[in-house]
Amino acid sequence: MKSYLKLNLLFLFLCLHQLVSAQTQYTINASWQFIKDDEISDVNDFLSKLNKSENIDLPHTWNDKDVIDEHQGYYRGAGWYTKTVKIPSSYQSKELFLFFEGVNTVAEVYINSKLAGTHVGGYTRFVVPISEWIQFDENKLQTTFQVVVKADNSFDEMIPTLTADFTFFGGIYRDVNLVVKDKVHFNFEDDASNACFITTPLVSASEGKVHLKARIKNSATDKRKLKLVSKIYDPKHQLILEKKSKLQLDHKENRVVDIDFETIAQPLLWSPDHPHLYTVVCEIWDAKSNTKLDEVTNPLGFRWFKFDTDKGFFLNGKPLKLIGTNRHQDFKGIGNALPDYLHYKDIQMIKEMGSNFLRISHYPQDQSILEACDRLGILTTVETPVINTVTEDEQFDKNCMSAQLEMIRQNYNHPSLIVWAYMNEILLKPKYKKEPKRYKQYTDYVLQLAKKLEAITREEDPYRYTMIPNHSGLDTYKNAGLTEVPMIVGWNIYDGWYGRSYDALEDKLTKFHDTVKKPLIITEYGAGADPRLHSLDPSRFDFSQEYATAYHQHYIKVIKKLPYVAGANVWNYADFSSEQRVDAVQSINNKGLVGINRTPKDVYYFYQASLLELPFLALSTKSWKRRTCIEDENNKGIATLPVQVFSNQSDIELYINGKSIGHKNVENSIATFEVPFTNGINKLKAISGEEEDYAEVRIDLLPRSLEQFPINGLSINLGDKRFFYDDQIDQAWGLNQTYNKGSWGAIGGKSFVRTFNRRQHPYGTNQPIEGTYNDPIYQTQLVGIEQFKLDVPPGVYEVILHFAELEGNHVKHLPYDLMDDEEMDNEKVSRTFSVRINDELLINRLDLMNQYGEYKKVEIKTEIKVSNNQSIDIQFDKIVGEPILNAIEIYKK
Ligand code: GCB
Ligand code: CA
């Protein structure tokens, strides 16, 4: 009985508490009905089709699957969502809102079938007031209302982004909140900011002055006497300052209130090493009833900074080289609809990499990103997604401006944020390139838009810097006047990737610096690396992890060396979805330091070694767990392979299977050992002082003589110098060798090389291959192969031949490439050949193109009996054109 009473009291208390609590906000993400259909004409049409809907939870995107399937393109159109929301009828006296954190790209919000609000732009937040559309049921405790949201990610020439190298995932892909406020509240509905804007007009090590601008709104029909209470808490959350002011608001009055706090002596400064965070709490109280009506909490950091054209960046008076990455907001398999955990985890990994800098690109991201950067100490830039090209139209400008304004107001109070940017590589895809007059008119238009964006940014926030990130075309941007506009000029530089070589990087930067005479940030640089590809002879565009390491090793050396390079951001922290991209992994941009599932690649460890101050070392082998390799020529049972150790120490010792193989010096953060691996598991240990790292590598040793035929057979990738590791089934593909008596290998043939007008793809083609996820195996081949021969012990063998026709008319362009478009001049080849095994005809007149089509995986399997003193001899008989073979597997039965 007693406890029953207690419970009742608790319930009563909770109810009362709810009535008096300043404001209520919670997500309404669970259980929406959804239909993806571009044909739905309006809300009623949608509601009549609910029997065809599926039940989903937010955050949600409708593109999570169609960007990974093999079909080109992904759905860009409308998606309709609905949910019935139940609220206490007592909310009638309150003001209700829906707060959307992100809907891509255009949203229409209906309450009880009436249009309550719209929003354009997929990356900023927006608020829809909804009270007016709800019929409160005073006789019942609860009232319900129905929300319908139409989201649309169609291409619209009036809405940025027009084109870019990433996927425009559609849907309500961030949280949706129900917000309940008193009629008097901080006016957050106008631009989804929290309506309190904090600045530190004066800050030094000895004192800090804090200013607060608050927007207050009274939407009630009576005038209200109010108290504004503002408090500052120190990093240990002790209250150190409190200010109270009285004000009276007429009915329907909006008021901006300015508050200056007393000077804080010796504030704890905010920096990457010591991100001391203060807190500012603003409250509105009703003066008569002394109840709290609204409350907003914001972070506060005391720091000052400066970008210098020649000397780079200074934080709190000390030079600081800004080094970090860019970040996109998607993840393997779930598109852009990420749970918060993944946002926080990314920032944690970015911090653990040793970065102090993050370019939040190409658009504002989930709030948790900047919150985590404030807390962990990572300086940031954020930008609006006006990319590659513009539409010369007022409506387009308007949408750019509103995105910029929303971005600034919504993210205003983050101490980690120091630069507002806009327009990424805006002259990359210039229209009217061949009509000088018209081109000038176009770049003038871009310039005017840039000036408008610059002006609004400086007006909104005079305390931060502005930036435009350009691609490498110095003259293009300079001639257009664009380098004059922002305070910092960013350059996306891909020398050694799209551009031939990185050797001239330093000269290029010097030229950019000397010509533009403005603070400079390398806003992007990066090299693609398919986590599955490795090379002992890395080269540009081979997508090997080793080339990416070499590329970044060079860049980081130059970046650290040149004082006027204020900062640099690797493109990209993680691999990301770019549906139309044709690279090593289809539809994925592979320039990440970690994979799309956040597994670190070698380069991630390399950056740790190069940036961390505490002793660090890491073995490079972590993501290359299984390797097929040929035994050394003069060393039976051994395969010697280089192993890199990334470290900030000077001397490393390496052990294999408990035995030391000696010491090596670290140069540019890397020590390289030649390691004698044996068949099976090899345990590696690297040591320097107290630091140790371990790795296990499984070697599938390919003997030169096949007397003992390997139990897991031979998997050989032909026409390739790279090792391929299939991470889905843990299969390692080895390199081919030329046949020798007593051994195995191919006879005749040359590696297929696709020649483009302006560059050679070093390995085969970069076209996607239908029917496989293991494109690199099929993108490479031996052309003109005569035989593949193996001297094997007698027995029954299974032979699997892998083919794909790589000569085709139909060539998919890189949709996004920093080089000019290439003319593909290949002609359709005809090719017909037969395959015999040990003189018996296996495949008669194979014509891949006509039987299967181009760029299509074709696998043919057979069995062969081998008697004493016989080999397996696979013969390729040329009929028309040259015979080919892409890969081969052989198993003993
Ligand atoms: C760039 C773009 C970025 C691309 C990148 C690349 O310059 O700004 O959006 O993803 O190059 O990988 O090509
Ligand atoms: Ca191949």
Side-chain angles (χ1 to χ4, degrees), residues 161-168 325-328 330 359 361-363 383 385-389 421 423-429 468-473 490-495 497-499 522-529 533 541 543 548 551 569-584 587-592 715-724 726 733-736 746 749-753 763-765 769 772 774-783 785 788 801-806 814-819 857-859 884-889:
T161 311
L162 299 173
T163 78
D165 178 29
F166 60 93
T167 305
F168 309 130
T325 65
N326 286 267
R327 181 204 187 240
H328 266 301
D330 62 305
R359 175 174 172 229
S361 60
H362 291 308
Y363 42 76
E383 65 202 48
V386 188
I387 302 172
N388 291 359
T389 157
M423 286 194 171
N424 179 72
E425 306 191 341
I426 203 65
L427 299 179
L428 180 73
K429 301 255 158 170
I468 298 184
N470 306 322
H471 78 279
S472 272
W491 295 104
N492 300 342
I493 298 183
Y494 287 93
D495 291 28
W497 188 250
Y498 300 118
I522 303 177
T523 31
E524 290 179 23
Y525 65 104
L533 284 172
F541 255 94
F543 291 94
Y551 172 100
N569 305 88
V570 174
W571 188 261
N572 194 290
Y573 157 65
D575 287 354
F576 60 92
S577 173
S578 178
E579 206 275 344
Q580 300 163 70
R581 190 168 257 277
V582 285
D583 265 355
S587 299
I588 301 276
N589 186 315
N590 268 136
K591 297 191 189 73
S715 306
I716 306 296
N717 178 15
L718 298 167
D720 207 336
K721 283 201 285 181
R722 302 164 304 173
F723 295 86
F724 182 78
D726 177 347
W733 292 77
L735 309 185
N736 179 38
K750 271 201 210 139
S751 296
F752 172 86
V753 177
Y763 298 105
T765 178
I769 307 294
T772 182
N774 295 334
D775 299 73
I777 298 287
Y778 298 92
Q779 288 169 329
T780 52
Q781 63 184 197
L782 271 188
V783 182
I785 184 171
F788 196 95
L801 303 173
H802 298 270
F803 303 99
E805 181 53 68
L806 304 182
L814 273 172
Y816 185 85
D817 189 331
L818 294 179
M819 305 293 283
K857 162 188 167 173
V858 177
E859 190 184 297
I884 51 156
L885 181 63
N886 297 54
I888 184 167
E889 289 169 88

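Computed from a predicted model, the values in this text were never measured in an experiment. Read the numbers this way: they start at 1 and go in the same order the structure lists the ligands and their atoms. Just so you know, residue 1 is the first one in the sequence shown, and it goes up from there. Heavy atoms only: backbone and side chains are in, while hydrogens, waters and symmetry mates are out.
With a 4.0 Å heavy-atom cut-off, ligand 1 is reached by no atom of Ile387. If you look at Asn424 next to ligand 1, the close heavy atoms, those under 4.0 Å, all belong to the side chain. Using a 4.0 Å cut-off between heavy atoms, Trp571 contacts ligand 1 through its side chain alone, with no backbone atom that close. Only side-chain heavy atoms of Phe576 come within less than 4.0 Å of ligand 1; its backbone N, CA, C and O stay farther off. Contacts of His471 with ligand 1, taken as heavy-atom pairs under 4.0 Å, are absent altogether. With a 4.0 Å heavy-atom cut-off, ligand 1 is reached by the side chain of Arg581 but not by its N, CA, C or O.
Vertex the Ca ion (ligand 2); arms to Thr780 atom OG1 and Asn717 atom OD1; angle 90° (nearest 10°).
Those atoms of ligand 1 that come under 4.0 Å of a heavy atom in Asn589, given as number and element, are 6 (C), 10 (O), 12 (O). Distances below 4.0 Å separate heavy atoms of Glu425 from the following atoms of ligand 1: 1 (C), 2 (C), 7 (O), 8 (O). Against a heavy-atom cut-off of under 4.0 Å, Tyr498 is close to the following atoms of ligand 1: 6 (C), 12 (O), 13 (O).
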Are Val858 and Tyr778 close enough, and set up right, to give a side chain to side chain contact (heavy atoms under 4.5 Å, CB included), and what steps lead you there?
-> CA-CA 9 Å; Val858 177; Tyr778 298 92; over 6 Å; no

Would you check, one step at a time, whether the test side chain to side chain donor-acceptor pair (under 3.5 Å) holds for Gln781 with His802?
-> CA-CA 9 Å; Gln781 63 184 197; His802 298 270; over 6 Å; no

Show your reasoning for whether side chain to side chain contact (heavy atoms under 4.5 Å, CB included) applies to Phe752 and Ile884.
-> CA-CA 9 Å; Phe752 172 86; Ile884 51 156; over 6 Å; no

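Separating the CG atom in Leu782 from the CD1 atom in Ile888 is a distance of 10.5 Å, to the nearest 0.5 Å.
Considering His471, Lys591, Arg359 in turn, Arg359 is the only one that fulfils the side chain to side chain donor-acceptor pair (under 3.5 Å) rule with Glu524. The side chain to side chain donor-acceptor pair (under 3.5 Å) test with Thr780 is passed by exactly one of Asp775, Asn717, Asn886: Asn717.
Inclusion of Gly764 in the first shell of the Ca ion (ligand 2) is not supported: no N, O or S atom falls under 3.0 Å. At a cut-off of 3.0 Å, Gln779 does not coordinate the Ca ion (ligand 2) through any N, O or S atom. Checking Asn886 against the Ca ion (ligand 2), an N/O/S atom falls under the 3.0 Å cut-off. Note on Gln781: not counted as a metal contact of the Ca ion (ligand 2), no N/O/S atom lying under 3.0 Å. At a cut-off of 3.0 Å, Ile777 coordinates the Ca ion (ligand 2) through an N, O or S atom.
Taking Asp726 as the reference, nothing meets the salt bridge (Lys or Arg N to Asp or Glu O under 4.0 Å) condition, with sequence neighbours excluded.
Using a 30° and 60° split on the angle between ring planes, Trp571 and His362 fall in the parallel class, below 30°. Between Phe541 and Trp497, the ring planes lie parallel to each other; the angle is under 30°, not in the 30° to 60° tilted range.
Across the listed options Lys591, His362, Glu524, His362 owns the non-hydrogen atom lying nearest to atom 9 (O) of ligand 1.
Side chain to side chain, Asn492 and Glu425 meet the donor-acceptor criterion of an N or O pair below 3.5 Å. With no hydrogens or angles considered, no side-chain donor-acceptor pair links Asn589 and Asn572 at under 3.5 Å.
Remark: distances from the non-hydrogen atoms of Phe166 to ligand 1 are all 4.0 Å or more.
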